[in-house]
Asks: 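I'd like to ask you about the structure that follows.
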2 protein chains.
Amino acid sequence: MVNVFTMDAQIDEILRKNQLSVTGSRKRILELFLMSNGALAHGDIEKKTGEKFDRVTVYRTLQTFLEKGIIHNIPTADNSVLYALCKDDCSEGHHHDNHVHFICSECGKTICLADVTVPEVKLPGGFLPHEYQMVVTGLCKECR
Amino acid sequence: MVNVFTMDAQIDEILRKNQLSVTGSRKRILELFLMSNGALAHGDIEKKTGEKFDRVTVYRTLQTFLEKGIIHNIPTADNSVLYALCKDDCSEGHHHDNHVHFICSECGKTICLADVTVPEVKLPGGFLPHEYQMVVTGLCKECR
DNA sequence: CACTGGCATGCAACTTTGTTGCAAAAAGAT
DNA sequence: ATCTTTTTGCAACAAAGTTGCATGCCAGTG
Ligand SMILES: [Mn+2]
Ligand SMILES: [Mn+2]
Ligand SMILES: [Zn+2]
Ligand SMILES: [Zn+2]
């Protein structure tokens, strides 16, 4: 059971820290990310907020969160775009979410494995790496 | 300069080997993959084939190639869907393309690093891994 | 608490991307 | 050359994402 009081305060703090005005849609969408232990797609958010907010507002809110470094997006092999909360020390333009992502092929859930760091690999000469990303598919705890 | 004669024969062979009838669109799209050293998006193919084939045909051809294991798709953090040729020993359903993919943030090219194998990482208890995928962003040889 | 400038939202209209059913055309087999 | 099966193009549709603009709400000021 999640403590609603502290979550509300947390949401406010995140928005303030990023110099964003505290609005209904931003609070709600941030709440959804905090409640979910996994990643969310645009469609998930639309479903969970119902008719409360316009589709366009959801797009713009996600875009804003991305730019501020509140969320990061996750590479997937299909065309789906997934977003997940960043750790505390991510900031505009500079992310530290170099952790592995796990996608369950059964339930479809995508989970940030915050404790599993992406290993760096040696590249052939000429390539100048900037960021390493890793996605593992398989079965999650519940589905195996 | 690419030898057109051998490429044509190669295209035929690939299609035959996968029990696909040899048609104009399949030949042309396969040719594009063989000529390009990187990955292609649906949009790239549409641009390069011009008005020659219907959009729907391109979608269906890519779908067929995917199912047959002629191409594989590449995870990306944005919403783009990328495809690249599989190695010879890929077959329907069973891919061996466990190599790292490099995306140049300057020119946008995506390259299969066929010789760089994706490292396996140790996951927290409960997760049952099936496939590991890795994407590296940075600057390619030409852009650095 | 009321006022106000600037930012966020909703709406409408539009573009882009992807899907489906079906008839015509092309490919492969005999 | 003829027949059967597969592939293609077209049309219509559905889903996903974008843009401009008027209205509404937020945060700061007095
Ligand atoms: Mn993550
Ligand atoms: Mn590849
Ligand atoms: Zn699962
Ligand atoms: Zn480049």
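Lettering of chains follows the sequences in order, A, B, ..., and the numbering in each one begins at 1.
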Asks: Roughly how many Å is it from CD in Gln19(B) to P in dT5(D), rounded to a whole number?
Replies: 17 Å

Asks: Quick one: pull up OH in Tyr59(B) and CG in Asp54(B) and give me the separation to the nearest 0.5 Å.
Replies: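 Answer rounded to 0.5 Å: 10.5 Å.
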
Asks: If you look at every heavy atom in Cys86(B) and Ile71(B), which pair is closest and at what distance?
Replies: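 Where Cys86(B) meets Ile71(B) most closely, the heavy atoms are SG-C, 3.4 Å.
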
Asks: Please check the phosphate of dT8(D) (OP1 and OP2 only) for any side-chain N or O of Ser25(B) closer than 4.0 Å.
Replies: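 Checking Ser25(B) against dT8(D): at least one side-chain N or O falls below 4.0 Å of OP1 or OP2.
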
Asks: If an axis is fit to five pairs at each end of the helix from dC1(C)-dG30(D) to dT30(C)-dA1(D), what is the angle between the two, to the nearest 10°?
Replies: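 Here the local axes at opposite ends form an angle of 30°.
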
Asks: Less than 4.0 angstrom between a side-chain N/O of Thr23(A) and OP1 or OP2 of dT9(C), yes or no?
Replies: yes

Asks: Report the C-alpha distance between Phe127(B) and Leu113(A) in whole Å, list the side-chain angles of each, state the deciding distance to 0.1 Å, and finish with yes or no for side-chain contact (heavy atoms from CB on, under 4.5 Å).
Replies: CA-CA 10 Å; Phe127(B) 291 101; Leu113(A) 301 177; 3.7 Å; yes

Asks: Measure the distance from CZ on Phe53(A) to C1' on dG24(D) and round it to the nearest whole Å.
Replies: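 So the two atoms are 14 Å apart, to the nearest Å.
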
Asks: How long is the line joining NZ of Lys27(A) and P of dT9(C), in whole Å?
Replies: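 Taking atom P of dT9(C) as the reference, NZ of Lys27(A) is at 12 Å.
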
Asks: Any heavy-atom pair between the side chains of Val118(B) and Glu131(B) that's under 4.5 Å?
Replies: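 Contact flag for Glu131(B)/Val118(B) side chains = no.
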
Asks: Please tell me if the side chains of Ser21(B) and Arg26(B) come closer than 4.5 Å, counting only heavy atoms from C-beta onward.
Replies: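 A side-chain contact exists here, since the closest heavy-atom pair is under 4.5 Å.
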
Asks: Counting heavy atoms from C-beta on, name the nucleotide in dT7(D), dA27(D), dA8(C) closest to the side chain of Leu20(A).
Replies: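 Among the listed nucleotides, the one closest to the side chain of Leu20(A) is dA8(C).
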
Asks: Rounded to whole Å, how long is the line connecting atom NZ of Lys52(B) with atom P of dC10(D)?
Replies: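 Lys52(B) atom NZ is separated from dC10(D) atom P by 13 Å.
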
Asks: Think Thr57(B) has a side-chain N or O under 4.0 angstrom from the OP1 or OP2 of dG9(D)?
Replies: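 Checking dG9(D) against Thr57(B), a side-chain N or O does come within under 4.0 Å of OP1 or OP2.
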
Asks: Mind calculating the distance between CD (Gln63(B)) and C1' (dT7(D)) to the nearest angstrom?
Replies: 15 Å

Asks: Quick one: Leu62(B) CG to dT8(D) P, roughly how many Å, whole number?
Replies: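 Going from CG in Leu62(B) over to P in dT8(D) covers 11 Å.
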
Asks: Roughly, in whole Å, what's the span from CG in Leu15(A) to C1' in dA8(C)?
Replies: 13 Å

Asks: Tabulate atom names and distances for all N/O pairs under 3.5 angstrom spanning the protein and nucleotides 15-23 of chain D.
Replies:
unit_1  : atom_1 : unit_2   : atom_2 : d
dG17(D) : OP2    : Tyr59(A) : OH     : 2.8
dG17(D) : O5'    : Tyr59(A) : OH     : 3.4
dG17(D) : N7     : Arg55(A) : NH1    : 3.3
dG17(D) : N7     : Arg55(A) : NH2    : 2.8
dG17(D) : O6     : Arg55(A) : NH2    : 3.2

Asks: When you compare the side chain of Val58(B) with that of Ser25(B), does any pair of heavy atoms fall below 4.5 Å?
Replies: no

Asks: Are Leu30(B) and Leu85(B) packed together at the side-chain level, in the sense that at least one heavy-atom pair is separated by less than 4.5 angstrom?
Replies: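 The answer is yes; the side chains approach within 4.5 Å.
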
Asks: If you assign Gly24(B) and Arg26(A) each to the DNA chain C nucleotide with the nearest heavy atom, which residue ends up on the more 5' nucleotide?
Replies: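 Of the two residues, Arg26(A) wins.
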
Asks: Answer yes or no: is there an ion pair linking Arg16(B) with Glu13(B), defined by an N-O contact shorter than 4.0 Å?
Replies: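 Glu13(B) and Arg16(B): not salt-bridged.
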
Asks: Can you measure Glu51(B) atom CD to dG9(D) atom C1' for me and round it to whole angstrom units?
Replies: 13 Å

Asks: Can you give me the closest heavy-atom contact between Tyr83(A) and His42(A), atom names plus distance?
Replies: CE1-N, 4.4 Å

